[in-house]
Amino acid sequence: MKDEITGKTKLAALLGSPVSHSISPQMHNEAFHQLGLDYVYLAFDVTPKNLKDAVMGLKAVGSCGFNLTMPLKVHILPLLDELTPAAKLAGAVNTVIIKDNRLIGHTTDGTGYMRSVSDAGFDIIGKKMTLLGAGGAATAICVQAALDGVSSIDIFKRKNSSWDKTEEFCHRVASETNCKIRLLDLNHTELLAESISDSTILTNATSVGMAPDIASSPIPDPSILHRELIVSDIIYNPKETLLLKQARGQGCPCFNGLYMLLYQGASAFTCWTGQEMPIEIIKKKYFSN
Ligand code: NAP
């Protein structure tokens with residue numbers, strides 16, 4: 001935020017539940033401050049039940065837009081006027097721009113993830129990814145990886161009630177990109193080992209291993225990880241999940257979800273202000289690994 005709130009200060013927001021732990025307000029307000037932009041970013045605890053009222057309120061008071069976090073990324077869809085192609089393919093939105101009284105839905109989780117891969121010094125274009133999970137973050141990552149030119153993606157998830165919906169998602173993304181996508185059962189250990197054996201990157205986009213569940217790993221046995229495999233966990237709390245510990249033990253290069261969080265926020269910042277977030281300052285202040 002600028003040094004003072006003025007009569008012209010623009011409002012950006014985070015909607016979700018819970019939100020009190022989020023570092024997005026610090027990240028955005030510090031970036032506004034650094035660039036002297038007259039904006040403020042506030043977090044509001046909003047559930048699916050009062051989402052419509054919250055969104056109409058933000059629209060009515062002339063907010064420039066907002067972020068959505070769990071559990072609202074899909075609930076927002078019927079309230080929007082327009083979706084970017086990536087948000088449409090992913091079926092989830094984490095950033096909304098309010099412009100000319102219209103609500104435009106974007107997804108910056110996927111671009112944030114792909115930028116974090118390059119930032120960690122890796123090139124996965126034209127290569128194979130094994131992706132664990134098929135929730136909001138996983139679908140956004142899958143869409144962006146496919147759009148950016150990852151050659152094939154094996155998605156492993158539990159065979160539960162969302163299996164058929166995920167299967168439709170996989171067909172849709174594969175038919176609209178050049179990426180080969182397979183949906184496989186996370187409990188099929190041999191298939192998982194086989195997929196990992198010729199993958200360049202293993203990405204955990206399940207919530208397994210996230211605090212307070214820090215003693216769990218999404219893989220059954222660390223010996224299926226090979227030394228050339230990049231292992232990435234999008235969880236950032238704890239900074240080193242059990243999966244990343246196992247990967248380090250096997251000699252794999254690895255990284256966590258902190259920079260995905262940073263870069264998804266940086267893209268949202270550009271959506272609202274048209275300016276680049278001062279990444280190095282924000283990284284140093286809030287994202288030291
Ligand atoms: P979500 O939509 O609720 O998806 C959760 C995923 O985890 C689903 O695929 C679910 O599997 C899987 N899962 C949950 N419990 C499991 C278990 N016991 N065994 C196997 N799979 C299990 O959540 P999300 O928004 O995608 O978030 C997922 C994780 O990513 C969270 O830890 C979140 O903090 C993190 N995240 C990080 C960033 C970042 O910027 N770094 C951004 C977004 C999310 P099923 O499909 O089988 O139910």
Side-chain angles (χ1 to χ4, degrees), residues 14-19 21-24 27-28 48 67-77 87 90-95 106-117 119-120 130-144 153-170 183-189 192 202-220 232-244 254-269 277 282-283 286-287 289:
L14 171 65
L15 310 182
S17 187
V19 288
H21 65 286
S22 172
I23 62 167
S24 292
M27 160 168 59
H28 286 287
N67 281 135
L68 297 139
T69 186
M70 279 167 76
L72 304 176
K73 290 181 183 180
V74 176
H75 291 93
I76 188 70
L77 295 176
V93 160
N94 76 331
T95 302
H106 291 244
T107 172
T108 68
D109 279 336
T111 51
Y113 178 73
M114 291 303 284
R115 200 168 160 191
S116 78
V117 175
D119 197 78
T130 298
L131 178 60
L132 309 182
T139 51
I141 289 170
C142 176
V143 165
Q144 199 59 46
I153 303 175
D154 283 349
I155 299 182
F156 283 85
K157 78 171 240 80
R158 295 176 294 188
K159 235 178 175 173
N160 56 13
S161 59
S162 54
W163 182 270
D164 291 349
K165 196 172 151 240
T166 307
E167 209 157 38
E168 283 167 29
F169 162 82
C170 293
L183 178 61
L184 301 159
D185 184 355
L186 184 59
N187 291 321
H188 199 313
T189 307
L192 179 61
L202 169 70
T203 303
N204 177 39
T206 74
S207 46
V208 180
M210 183 172 76
D213 178 31
I214 58 168
S216 301
S217 167
I219 58 159
S232 141
D233 200 324
I234 69 163
I235 292 171
Y236 50 85
N237 179 20
K239 284 182 183 170
E240 189 177 59
T241 57
L242 179 56
L243 173 66
L244 293 186
C254 37
F255 62 99
N256 66 18
L258 263 182
Y259 287 174
M260 171 179 170
L261 181 68
L262 169 67
Y263 291 125
Q264 63 75 32
S267 297
F269 184 89
M277 182 180 266
I282 303 299
K283 224 183 206 179
Y286 302 107
F287 290 87
N289 252 305

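The model shown is predicted, which means the values in this text are computed figures rather than measured ones. In listed order, ligands and their atoms are each counted from 1.
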Looking at ligand 1, does any of its N/O atoms fall within less than 3.5 Å of an N/O of [X]?
X: Ala138; value: no
X: Leu186; value: no
X: Gly257; value: yes
X: Ala137; value: yes

With backbone taken as N, CA, C and O and side chain as the heavy atoms from C-beta onward, which portion of [X] lies under 4.0 Å from ligand 1: side chain, backbone, both, or neither?
X: Met210; answer: side chain
X: Thr206; answer: both
X: Thr166; answer: neither
X: Ile234; answer: both
X: Tyr236; answer: side chain
X: Asn237; answer: neither
X: Ser216; answer: neither

Note the single closest protein heavy atom to [atom], along with its residue, its atom name and the distance in Å.
atom: atom 5 (C) of ligand 1; value: Ser207 OG, 4.2 Å
atom: atom 8 (C) of ligand 1; value: Gly135 N, 3.8 Å
atom: atom 23 (O) of ligand 1; value: Met70 SD, 4.0 Å
atom: atom 46 (O) of ligand 1; value: Lys157 NZ, 2.8 Å
atom: atom 11 (O) of ligand 1; value: Arg158 NH2, 3.5 Å
atom: atom 42 (C) of ligand 1; value: Met260 CE, 3.6 Å

Give the atoms of ligand 1, by number and element, whose distance to some non-hydrogen atom of [X] is under 4.0 Å.
X: Asn160; answer: 45 (P), 47 (O), 48 (O)
X: Ala205; answer: 28 (C)
X: Gly133; answer: 9 (O)
X: Ile235; answer: 32 (O)
X: Gly136; answer: 2 (O), 26 (O)

Exercise. Can you tell me if Ala134 has a non-hydrogen atom under 4.0 Å from ligand 1?
Worked result: yes

Exercise. Does Leu77 CG have over 12 foreign heavy atoms under 6.0 Å away?
Worked result: yes

Exercise. Taking only residues two or more places apart in sequence or in another chain, which ones pass salt bridge (charged side-chain N to carboxylate O under 4.0 Å, His left out) with Glu167?
Worked result: none

For this session: Say whether, by atom type as modelled, one donor and one acceptor occur between the side chain of Asn67 and the main chain of Asn94 under 3.5 angstrom.
Result: yes

Exercise. Sequence neighbours excluded, which residues qualify as side-chain hydrogen bond (donor to acceptor under 3.5 Å, both in side chains) partners of Ser17?
Worked result: Asp45

Problem set entry | Option whose closest heavy atom lies nearest to atom 19 (N) of ligand 1, chosen from Asn256, Asp213, Val208, Asn187 | Val208

